[in-house]
Amino acid sequence: MEENKDIKILSSKKTNIADWTSCKSTAQMLRKAQADQVETAFDRAAGMKPCPIGAKSACCKHCAMGPCRLNSKDPYAKEGVCGATIDTIQSRNFARMVATGTAAHSSHGRNMLNLLKGVLSGKIKDYTIKDTNKLNGVAQSLGIETEGREVNAVATDVCTEMERVFHMTEGEIPFVKRVPPKTLETWRKLDIVPRGAMLEVMELLQRTHAGMDQDYQNLTKQISRTALVDGWGGSMVATEISDILFGTPTPVHGEVDMGCLKEDHVNIIIHGHEPYLLESIVEAVNDPELVESAKAVGANGLNLVGMCCSGLEMLSRHGIAHAGNFMSTEAVLVTGAVDAFGVDVQCIQQGLVKVGKCYGTKIFTTNPSCRIEGAEHIEFDEHEPRKCTDAIVKQAIDRFKNRTVEIDIPRNKAMGVHGFSYEYINYMLGGSFRASYTPLNDNIINGRIRGVAGVVGCVNPRVKQDWAHIELVKELIKNDVLVLQTGCSQITLAKAGLCTPEAAFYAGPGLKEVCEAVGMPPVLGLGACVDNTRILIACAEMVKVGGLGDSIADLPVAGAAPEWYSEKALAIGQYFVASGVYTVFGVTFPIIEETKFHRLLFENMEAQGLGKWGFTADPHEMARLMIDHIDQKRAALGIDKARERTLTDMADRREMQSA
Ligand code: NFS
């Protein structure tokens with residue numbers, strides 16, 4: 001294959017910023033940072049060769065008899081000191097990554113549950129239940145009676161059920177009620193139906209201790225069970241309670257990219273994941289007194305801007321502008337225009353503090369679980385949320401007044417439509433009187449829509465930022481695949497202008513026709529990374545509506561995280577695979593190819609009735625793999641002919657038009 005310079009893993013000393021990112025604003029700021037001799041993660045990535053043994057998970061450092069490196073050409077030629085084989089070592093390393101990712105999402109979910117419990121007890125007064133429709137929907141899906149009952153009574157029962165998602169030690173987590181029966185039957189047969197998240201994470205970790213589970217197949221079952229309690233448990237609680245407390249997103253216009261910063265305003269950025277910090281700061285920046293204080297120092301107002309997943313929560317619910325994704329968090333500080341940078345948890349790089357210092361921007365940590373040396377900590381207390389957020393706003397105003405650095409804001413920004421919740425897709429396709437997924441299934445069956453792809457996840461400085469996401473999504477929609485998005489990927493496509501109905505121009509004829517009829521973009525942004533659960537529910541609903549098989553594994557769908565970096569992404573990948581979805585990752589995959597563990601993940605899990613993993617760093621190849629999979633599923637469902645007919649019809653029509 002001809003070498004494509006965009007695909008290579010960036011590991012050697014390279015200073016060509018064009019190789020680092022396809023985000024124009026980030027590139028502009030990285031050039032400025034280099035001129036200012038300020039180091040970022042891109043420089044560090046270029047200067048640090050990834051350890052090839054670690055990259056393939058061929059080393060074990062779980063005990064003091066090692067660390068053991070199984071780095072011979074034949075992965076079976078060597079064993080660890082205890083006799084651990086390459087399959088044991090790789091599966092244990094993989095398990096620990098999934099456990100950490102699941103713990104992160106589940107902790108987020110549990111914090112949301114505690115917030116709702118505090119609201120119900122009356123101890124937390126600054127938040128209320130905003131979306132009773134959503135509350136009732138969640139309650140009904142859990143088998144809780146809603147008819148004629150008080151909101152608080154229903155919500156208390158929902159809390160009791162959701163508590164079990166974390167604490168139950170036997171049985172099945174409540175949200176399995178949402179899983180298609182045949183998928184659930186497969187899980188039961190394989191003994192991977194999850195119990196509480198705390199137990200599953202503990203069980204998985206204890207099995208990776210030296211001298212414990214040394215059968216990679218048995219360990220993989222616990223890996224799946226743990227990942228499933230992330231997707232159908234901890235993450236799902238996070239999404240559902242956020243909707244109940246702050247409102248289920250509906251489409252809203254919003255701007256993205258660094259051009260959202262305003263030189264004449266006090267700019268405040270919020271980055272992280274848990275929505276209660278940002279919901280409080282939304283109130284703070286609208287407080288007339290604080291707005292007046294900003295004006296008193298010469299600013300035209302307060303400008304709140306989001307980043308990463310926090311930013312997506314604000315964008316989806318309030319249409320608040322978004323400055324960029326994970327790999328732009330340092331770069332945005334280089335503008336000099338950020339007057340305060342508040343963070344809570346997850347994906348917060350330690351390097352932010354140093355870059356912030358260079359440009360006179362303070363980083364404010366707010367969560368006791370995520371403090372950073374050198375950052376200023378203002379602890380967020382949900383009983384008095386404004387204490388923290390007002391303090392951040394006041395410090396930002398102060399910094400505006402005393403700005404000394406040069407301000408250089410990239411002019412790029414793009415408008416798009418965001419906030420496509422699972423529920424809204426119902427209304428959008430079916431109308432408010434017959435809200436349902438039937439039209440989606442019909443359009444898949446008649447072939448206008450070939451299938452559905454979830455393109456999600458991080459960006460990673462080891463590959464050119466944003467590039468693989470854009471190439472992949474363009475290729476998918478061109479081939480009539482409807483794309484659902486979350487996380488940093490959604491921001492990438494929004495910057496590229498694909499989150500607008502006009503982007504239907506890039507879609508294949510079938511998808512274009514559907515987008516134009518409904519007035520929707522071919523790329524639907526569903527929110528933050530925990531909101532991948534909206535995609536799970538959408539899959540379950542597609543099965544329930546009928547005509548596309550009996551289990552999630554039957555659906556013509558596929559998933560991808562082309563630029564992943566975090567353990568959370570791996571947990572998400574594993575819960576999609578265990579739910580029945582073919583899921584392709586880019587950048588690198590932490591397993592050696594010619595091993596039994598690799599075969600299990602990449603082939604044999606599918607034979608067990610689940611999904612399977614795929615890997616390629618090339619987004620065009622990734623699109624081909626996903627489309628081939630979708631076509632195979634269409635053929636198995638017997639709907640491949642319909643698509644041939646539909647496309648012939650469209651081609652004929654075009655020919656007739658041009659004649
Ligand atoms: Ni999800 Fe990746 Fe982080 Fe959000 Fe962005 S990096 S795993 S998308 S911000 S969690």
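Residue numbers start at 1 and run along the sequence shown. Counting starts at 1 for both ligands and their atoms, in listed order.
Using cut-offs of 30° and 60° on the angle between ring planes, the pair Phe42 and Trp20 is parallel.
Residue Gly487 has at least one heavy-atom neighbour below 4.0 Å for each of these atoms of ligand 1: 8 (S). Interface atoms of ligand 1 facing Cys308, defined by a heavy-atom separation under 4.0 Å, are 9 (S).
Contact annotation: the side chain of Cys23 never approaches that of Lys464 to less than 4.5 Å [non-hydrogen atoms, C-beta and beyond].
Look at Cys309 and atom 3 (Fe) of ligand 1: no N/O/S atom of the residue is under 2.8 Å from the metal. Among the atoms of Cys488, an N, O or S atom falls under 2.8 Å from atom 5 (Fe) of ligand 1.
Summary of contacts: the protein heavy atom closest to atom 2 (Fe) of ligand 1 is Cys458 SG, 2.5 Å. The protein heavy-atom contact nearest to atom 1 (Ni) of ligand 1 is Cys529 SG, 2.3 Å. Looking from atom 7 (S) of ligand 1 to the surrounding protein, the closest heavy atom is Ser566 OG, 3.2 Å. Atom 3 (Fe) of ligand 1 has its closest protein heavy atom at Cys347 SG, 2.3 Å.
Using a non-hydrogen distance threshold of 4.0 Å, Gln346 does not register as a contact of ligand 1. Taking a 4.0 Å cut-off on heavy atoms, Trp564 fails to register as neighbouring ligand 1.
Cation-pi geometry between Lys130 and Phe246 is not satisfied (NZ or CZ under 6.0 Å from the ring centre, within 45° of the ring normal). A cation-pi contact, defined as under 6.0 Å to the ring centre and within 45° of the axis, is absent between Lys612 and Phe602.
Listed here is the closest heavy atom pair of Ser224 and Ile192: CB-CD1, 4.2 Å.
Using a cutoff of 4.0 Å between basic side-chain nitrogens and carboxylate oxygens, Lys134 and Glu240 are scored as salt-bridged.
Residue Ser235 forms a side-chain hydrogen bond (donor to acceptor under 3.5 Å, both in side chains) with just one option from Asn532, Thr533, Asp230, Thr102, and that option is Asp230.
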